[in-house]
**Q** 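After the structure tokens below, expect a handful of questions from me.
Throughout, a chain's letter reflects where its sequence line sits, starting with A, and its residues are numbered from 1.
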Number of protein chains: 2
Amino acid sequence: MENTRELFQIMTRRFGFLNKNCCSVGDHDISLVQSHILYEIDRQHHPSMQQIADTLGIDITTFSRQIQSLVKMNLVKKTPSSEDRRVSILSLTPGGKDAAAAIDKKMNAYLNEVFSHMSDFEKEIVVRSIRLLNSCMAKSAGCCNPMG
Amino acid sequence: MENTRELFQIMTRRFGFLNKNCCSVGDHDISLVQSHILYEIDRQHHPSMQQIADTLGIDITTFSRQIQSLVKMNLVKKTPSSEDRRVSILSLTPGGKDAAAAIDKKMNAYLNEVFSHMSDFEKEIVVRSIRLLNSCMAKSAGCCNPMG
DNA sequence: ATATATATTCGCAAAATACAACTAATCCCA
DNA sequence: TGGGATTAGTTGTATTTTGCGAATATATAT
């Protein structure tokens, strides 16, 4: 591990693999993108289609079809907004919540397993570091600021 | 930012976006996957097809096609191994090295920009943390250990 | 000789994605 | 208030990527 970029390249790839491996839940296969969609719907407050699509940087037409799939799978519900009947408010069905929870569990289990190889002190430092990194990435003028 | 998983979810997504945005170099458009392939060919010592495909978790038939594209773009060279003439040794052409260097430059520029929002001390801590995280992920029994 | 390993190729099907064109609802301002 | 512009979302169409299975070629191992 020589340089900084290498460090980050490997780390993000490992997380990529992690994501990939963590997305078959119950009887449905959930793609990486779909797991991010579920995650964001759960996280945001009565989000619209456009909101989630923007957050994830997905084209709205692609997103529309993804949502159709998730609705068919009974994981997501679309409700017309009472304020603006053009917009659809997204929410997780009970099944969707279960799926999100199952993915969350898997991810946390893996993270705990990883953290089990460090001391509590080290873990604390690492978590703080990631938090700092996130806030600095958010400050960054350039690219990748989909979260606001 | 409440829990640990959220922290990592957001971080890896931001890096995903970063990767996505960093892959148009010169006259060729380089996809995310292709940039990872270039990166790994550069990093490994006289790698074979199978080696890189395994590292990146890509199906060998898909990988074969990707390599064909990269060879056509004059970024990658295939050389039959002298030890085992079934295997093709992969290497970067001068153009491939340029492309890899250009991507590296973009990534490092972004990382520096991110780090510019912290003190030297904080940066040091963060880099150490990522290094520790990588080594613990490598130790992890479970999934995502494509690097060896 | 037979089995095994590396890689290529082909056909197929599924999925993701993008662009353009479209509908429907809302906004705005003259 | 009315009509054009704008916005949210959908749908048609086409492209691309990917994976799987099977067949092939070639080289290596037992």
**Q** Between Ile60(A) and Lys78(B), which has a closest nucleotide on DNA chain C that is more 5'?
**A**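 Nearest nucleotide further toward 5': that of Lys78(B).
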**Q** Base, sugar-phosphate, or nothing for Ser69(A), non-hydrogen atoms under 4.0 angstrom?
**A**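 No contact at all - Ser69(A) keeps every heavy atom at 4.0 Å or more from the nucleic acid.
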**Q** Applying side-chain hydrogen bond (donor to acceptor under 3.5 Å, both in side chains) to Gln34(A) and Ser69(A), what does each step give before you reach the verdict?
**A** CA-CA 9 Å; Gln34(A) 288 170 343; Ser69(A) 304; 4.6 Å; no
**Q** Once you round it to whole Å, what is the distance between P of dA14(D) and CZ of Arg65(A)?
**A**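 For the pair Arg65(A) CZ and dA14(D) P, the rounded distance is 13 Å.
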**Q** What is the distance, to the nearest angstrom, from the CZ atom on Arg85(B) to the C1' atom on dT28(D)?
**A**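 Spelled out: CZ on Arg85(B) to C1' on dT28(D) is 11 Å.
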**Q** Whole angstrom is fine here: how far is it from CG in Asp54(B) over to P in dA7(C)?
**A**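 So the CG-P distance, Asp54(B) to dA7(C), works out to 9 Å.
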**Q** At less than 4.0 Å, is any side-chain N or O atom of Thr62(B) found next to OP1 or OP2 of dT17(D)? Yes or no.
**A**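 No, Thr62(B) has no side-chain N/O under 4.0 Å of OP1/OP2 on dT17(D).
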**Q** Any donor-acceptor pair under 3.5 Å joining the side chain of Arg86(B) to the base of dA5(C)?
**A**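 When only heavy-atom distances are counted, Arg86(B) does reach the base of dA5(C) through a donor-acceptor pair under 3.5 Å.
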**Q** Could you check Val33(A) against Ser82(A) and say which one's nearest nucleotide on DNA chain C is further toward the 5' end?
**A**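 Looking at the nearest nucleotide for each, Val33(A) comes out on the 5' side.
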**Q** Taking the side chain of Asp59(A) as heavy atoms from C-beta outward, which of dT26(C), dT10(D), dA18(C) is closest to it?
**A**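 The answer is dA18(C).
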**Q** Could you tell me whether the phosphate oxygens of dT11(D), OP1 or OP2, come under 4.0 Å of any side-chain nitrogen or oxygen in Gln68(A)?
**A**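 So the side chain of Gln68(A) is within the cut-off, an N or O lying under 4.0 Å from OP1 or OP2 of dT11(D).
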**Q** Rounded to the nearest 0.5 Å, how far apart are OH of Tyr39(B) and CG of Leu92(B)?
**A**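 Between Tyr39(B) OH and Leu92(B) CG, I get 12.0 Å after rounding to 0.5 Å.
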**Q** Just how far, in rounded Å, is P of dA18(C) from CD1 of Ile58(A)?
**A**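 Roughly 9 Å, once rounded to whole Å.
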**Q** Measure from CD1 on Ile30(B) to P on dT17(D) and round the result to the nearest Å.
**A**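 Rounded to the whole Å, the gap is 13 Å.
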**Q** Could you tell me how far apart His36(B) (NE2) and dT17(D) (C1') are, to the nearest whole angstrom?
**A**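 His36(B) atom NE2 is separated from dT17(D) atom C1' by 16 Å.
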**Q** With sugar-phosphate meaning primed atoms plus P, OP1 and OP2, does Glu83(B) contact a base, only sugar-phosphate, or nothing at under 4.0 Å between heavy atoms?
**A**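 Glu83(B): backbone/sugar contact only, no base atoms under 4.0 Å.
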**Q** Quick one: which of dG9(D), dT26(D), dA7(C) gets closest to the side chain of Gln50(A)?
**A**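 For the Gln50(A) side chain, the nearest candidate turns out to be dG9(D).
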**Q** Does dT10(D) have its OP1 or OP2 closer than 4.0 Å to a side-chain nitrogen or oxygen of Ser64(A)?
**A**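 For dT10(D), OP1/OP2 do have a side-chain N/O of Ser64(A) under 4.0 Å.
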**Q** Would you kindly give the CD1-to-P distance between Ile67(A) and dT17(C), to the nearest whole Å?
**A**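 It is 13 Å, rounded to the nearest whole Å.
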**Q** Counting only side-chain heavy atoms from C-beta out, which of dT17(C), dT17(D), dA22(D) sits nearest to Gln66(B)?
**A**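 Looking only at side-chain atoms, Gln66(B) lies closest to dT17(D).
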**Q** Got a donor-acceptor contact below 3.5 angstrom from the Thr93(A) side chain to the Asn74(A) backbone?
**A**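 Flag set: sc Thr93(A) to bb Asn74(A) pair under 3.5 Å.
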**Q** Can you tell if the side chain of Met107(A) reaches within under 4.5 Å of the side chain of Gln9(B), non-hydrogen atoms only?
**A**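 With C-beta onward as the side chain, the pair touches.
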**Q** For Ser31(A), answer base if it contacts any base atom (sugar-phosphate contacts may also be present), sugar-phosphate if it contacts only those atoms, and nothing otherwise; contact means non-hydrogen atoms under 4.0 Å.
**A**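 Sugar-phosphate: the residue Ser31(A), judged by heavy atoms under 4.0 Å, touches backbone atoms but no base.
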**Q** Kindly say whether Ser119(B) contributes a backbone atom to a donor-acceptor pair with the side chain of Glu122(B) at under 3.5 angstrom?
**A**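 The answer is yes, because a donor-acceptor pair under 3.5 Å joins these two groups.
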**Q** How many Å lie between CG on Asp84(B) and C1' on dT6(C), as a whole number?
**A**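 From Asp84(B) CG to dT6(C) C1': 7 Å.
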